[in-house]
Every structure is written in C-alpha cells, then in structure tokens.
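Structure first, then comments.
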Amino acid sequence: MKLVWSKEAARARRSGRPLVALETSVLAQGLPFPHNLEAARRCEAAVRDQGATPVAMAVLDGRLHAGLDETQLSRLASGTGLLKLGSRDLAVAVATGATGGTTVSATCELAARAGISVFATGGLGGVHRGVAETLDISQDLPALARWPVAVVCAGAKSVLDLPGTMELLETLGVPVLGVGTNELPGFYCRETGLTLEHQVPNARVAASVVAARRALRQGGVVFAVPPPEATALSVGVVERHLRAALALCRRRGIGGKQVTPFLLAELVRRTGGRSLEANLALLENNARFAAQLAVALGRRLG
Ligand code: PSU
Ligand code: MN
C-alpha cells in the first residue's frame, strides 16, 4: 500500500540520507497538549541535529503517512476523536478514512514498509501486571519480532510486568541490548534490577548488531537507553504513585487500549508533572541515539 511521504522525508530518502521513524500515539494519546507538541518538536530537532531526518508515522484521513509537516503534527497533538492505532487497526483505519496516532506496533510496521530501519519511541508496550486475569499483552511485542526495525526506547514502564515482558521478548526471539548499561532501564527510572545479557557502548557498535540481524534476515531488535539522570524519577516514587493509579484503573473498570494512556495521565497528575518532564527528556534522548544509530548504519552501508 502506498505511503504519503512528506516533502522533507521524501527528499532525504531520494538522496539516501539516514532516516529515523517516530511514533505518534505519544502525541495523540500519550502526552497532554501542548507538551505533546513540544515533545514532537524536540525529538525532530534532536534527530536533525545528528544529521538524520525524522519521519513521524500516522494515519490521516485513511492515508498512511511517512513524515508529517507542522500542520499535520499540530492536528495530531490537538485534534479530538483521534484513534490509537496499533497494527491490527491499520486496515480498518484505511478503509474508513480514519485519523490517528500510531503505537509502537503500527509504527514498526509502517517503518518496515517504508524501508526505514531505525525507530525512536519512549517506552515499549508489554505484558501488563495482572496478566493472568486480563491476558493484556501489548501487540508491540509480536510486532517487534515480526518487523526488521531497530527500536530505541527507555526500556518499558514499570506500569508493566517487566520480568514477564522480558520473558516474552525472549520467547519471541527479540534481543534487548542496554546502551552503556547492563540493567534494563524502567522508563521514568534508570533502574529496574533486571539484568540484560547484552549491551553496546555506542551507536557504532549498535549499528553492527543491526547489520548482523539484517544479514541473518531476522526481525527487530530493541536498544534500551537509560532516561537522563537530571529528570529521572526514583523507583520508590514511581511505585507508590503507580499502585494508586493501578487501583483506580481497576475501580473504574478501565481496560483494553485505555489502560496505558490512563496510567500515564494519572502518573503526571500524581507526580505534579515530574513524570511528564522525565517523559519529554527521555523521548528527546532516545531520538538522539536513534539518529546516531541511523547515521552509523548509513556509514556501514554507504
Ligand atoms: N509508552 C509511553 N507513552 C505512550 C506509549 C507507551 O510512555 O504513549 C504508547 C506507545 O505508542 C505504545 C503503546 O506502543 O502506548 C502501547 O499501548 P498498549 O499497552 O495498549 O499496547
Ligand atoms: Mn493492551
């Protein structure tokens, strides 16, 4: 299916410049206005700073977009009735002319279709706490296994069952490498107590892993970057607020797709905006590393 390329992204693609895919569910559902728009701008600027081109993915009026201009980003940041689109929603969105932000699963898929091998996001979806009762497992996980895209993130949020998420990624054959660390970062927090088997010291070595995955014709790979120290939250603070948010979520009977956006919004409220600051900083930080990775990959192939 045809992708609608933005002018900037199309130009970069024609001249073989490094591209970095960005998700837009974080704009449409993950962060409140106007912080979401600030996040998008900061991510795009960080990618350009490193000599790569940002390619935000979305579905607008049923068309699959690769790269968004200012007006389109603003529409996703401030519009109403925007859908949260995972991979399974793409066909319906196309058929019905819908508009929405793409999650990690849909963004991986669109990036792979666009021939983009690096994608930056905040945190992965995963196995939810209480999975035995709810069977709530994000479609991000199978999508990571399926599409040959390197996903740069700050690990996964402790709103999830992190050991369960790591187990399922192993089952699916998706490697998770720490960037400059052998501990899985926990999105808002730098530590989770979970040890990673592999790590890379920098983007150049990360690129050699991506190249080897590609040579083996295997699927995606995850690079986990610790969130910047200045804004990261302590495990204790996050756990405390999270327990309260999870309890409220259950009491209100919130389920399915609404769970992740609800928990994120509750944490912002309960931390007096500190989780929001941490979120913006780590998104930008991840975009920067993803751009360095795309540039290093370009050099290898170049
Ligand atoms: N993590 C964030 N902000 C987000 C998300 C994750 O900090 O907005 C989004 C991502 O787009 C991710 C999705 O792919 O939530 C996972 O949702 P679910 O758990 O419903 O699969
Ligand atoms: Mn879910």
Side-chain angles (χ1 to χ4, degrees), residues 19-26 29-30 55-57 66 84-90 101-128 131 135-179 184-187 192 194 196-200 203 206-226 257 259-260 282-283 286-287 289-290 293-294 297:
L19 305 175
V20 173
L22 299 170
E23 67 145 300
T24 47
S25 176
V26 64
Q29 287 88 27
V55 186
M57 301 294 181
K84 173 176 166 182
L85 302 172
S87 269
R88 80 158 177 171
D89 309 304
L90 286 178
T102 52
T103 67
V104 169
S105 65
T107 309
C108 279
E109 174 166 356
L110 293 183
R113 293 188 189 285
I116 300 174
S117 25
V118 182
F119 158 33
T121 182
L124 301 178
V127 177
H128 281 260
V131 64
L135 287 187
D136 189 353
I137 299 174
S138 175
Q139 57 179 318
D140 289 359
L141 300 187
L144 290 168
R146 176 164 180 194
W147 305 104
V149 174
V151 181
V152 178
C153 63
K157 273 174 299 307
S158 46
V159 305
L160 299 173
D161 172 347
L162 292 180
T165 300
M166 294 306 287
E167 287 295 341
L168 192 49
L169 282 169
E170 180 184 350
T171 304
L172 291 165
V174 179
V176 180
L177 294 96
V179 175
L184 178 74
F187 195 78
T192 57
L194 296 176
L196 295 170
E197 205 175 333
H198 305 287
Q199 61 172 305
V200 290
S208 65
V209 175
V210 176
R213 283 288 281 181
R214 189 181 295 173
L216 289 164
R217 296 186 190 286
Q218 293 183 326
V221 46
V222 173
F223 292 103
V225 187
K257 279 184 168 189
V259 172
T260 299
L282 70 85
L283 280 164
N286 294 348
F289 182 78
L293 173 56
L297 253 176

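The figures that follow rest on heavy atoms only: side chains count, while hydrogens, waters and symmetry mates do not.
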Which heavy atom in [X] sits nearest to a heavy atom in [Y], and how many Å separate them?
X	Y	result
Ala120	Ala290	CB-CB, 3.6 Å
Pro226	Val179	CD-O, 3.6 Å
Leu124	Leu160	O-CD1, 3.6 Å
Met57	Ala21	CE-CB, 4.2 Å
Ala56	Thr24	CB-CG2, 4.1 Å
Ala112	Trp147	CB-CE3, 3.6 Å

What is the distance from atom [atom1] of [X] to atom [atom2] of [Y], rounded to the nearest 0.5 Å?
X	Y	atom1	atom2	value
Thr260	Gln29	OG1	CD	10.5 Å
His128	Asp136	NE2	CG	4.0 Å
Leu168	Leu144	CG	CG	10.0 Å
Ile137	Asp161	CD1	CG	9.5 Å
Ile116	Cys108	CD1	SG	11.5 Å
Gln139	Leu141	CD	CG	10.0 Å

### Query
Side-chain contact, heavy-atom cut-off 4.5 Å: Glu170 with Val176?
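Heavy-atom side-chain distance check fails, nothing below 4.5 Å.
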
### Side chains of Phe187 and Val159 in contact at under 4.5 Å (non-hydrogen atoms)
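No; the side chains remain at least 4.5 Å from each other.
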
### Task
Assess whether side-chain contact (heavy atoms from CB on, under 4.5 Å) is satisfied between Leu172 and Arg146, documenting all intermediate values.
CA-CA 9 Å; Leu172 291 165; Arg146 176 164 180 194; over 6 Å; no

Only counting residues at least two apart or in another chain, list the ones meeting side-chain hydrogen bond (donor to acceptor under 3.5 Å, both in side chains) with [X].
X	value
Thr165	none
Gln199	none
Thr107	Thr102

### Task
Ignoring hydrogens and angles, tell me if any N or O in the side chain of Ser105 forms a donor-acceptor pair with the backbone of Ser87 under 3.5 Å.
yes

### Task
For the pair Asn286 (side chain) and Thr121 (backbone), establish whether a donor and an acceptor sit closer than 3.5 Å, ignoring hydrogens and angles.
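Between the backbone of Thr121 and the side chain of Asn286 there is a qualifying donor-acceptor contact (under 3.5 Å).
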
Below 3.5 Å, can you tabulate the donor-acceptor pairs from side chains in residues 206-225 to any protein atom, sequence neighbours excluded?
{"from": "Ser208", "atom 1": "OG", "to": "Val205", "atom 2": "O", "distance (Å)": "2.6"}
{"from": "Arg213", "atom 1": "NE", "to": "Gly219", "atom 2": "O", "distance (Å)": "3.3"}
{"from": "Arg213", "atom 1": "NH1", "to": "Gln218", "atom 2": "OE1", "distance (Å)": "2.8"}
{"from": "Arg213", "atom 1": "NH2", "to": "Gly173", "atom 2": "O", "distance (Å)": "3.4"}
{"from": "Arg213", "atom 1": "NH2", "to": "Gly219", "atom 2": "O", "distance (Å)": "3.4"}
{"from": "Arg213", "atom 1": "NH2", "to": "Gly220", "atom 2": "O", "distance (Å)": "2.9"}
{"from": "Arg214", "atom 1": "NH2", "to": "Ser117", "atom 2": "OG", "distance (Å)": "2.9"}

### Query
Excluding sequence neighbours, so at least two apart, what forms salt bridge (charged side-chain N to carboxylate O under 4.0 Å, His left out) with Lys257?
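Residues passing salt bridge (charged side-chain N to carboxylate O under 4.0 Å, His left out) with Lys257: Asp89.
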
### Query
Mind checking what makes salt bridge (charged side-chain N to carboxylate O under 4.0 Å, His left out) contact with Arg113, not counting sequence neighbours?
Glu109

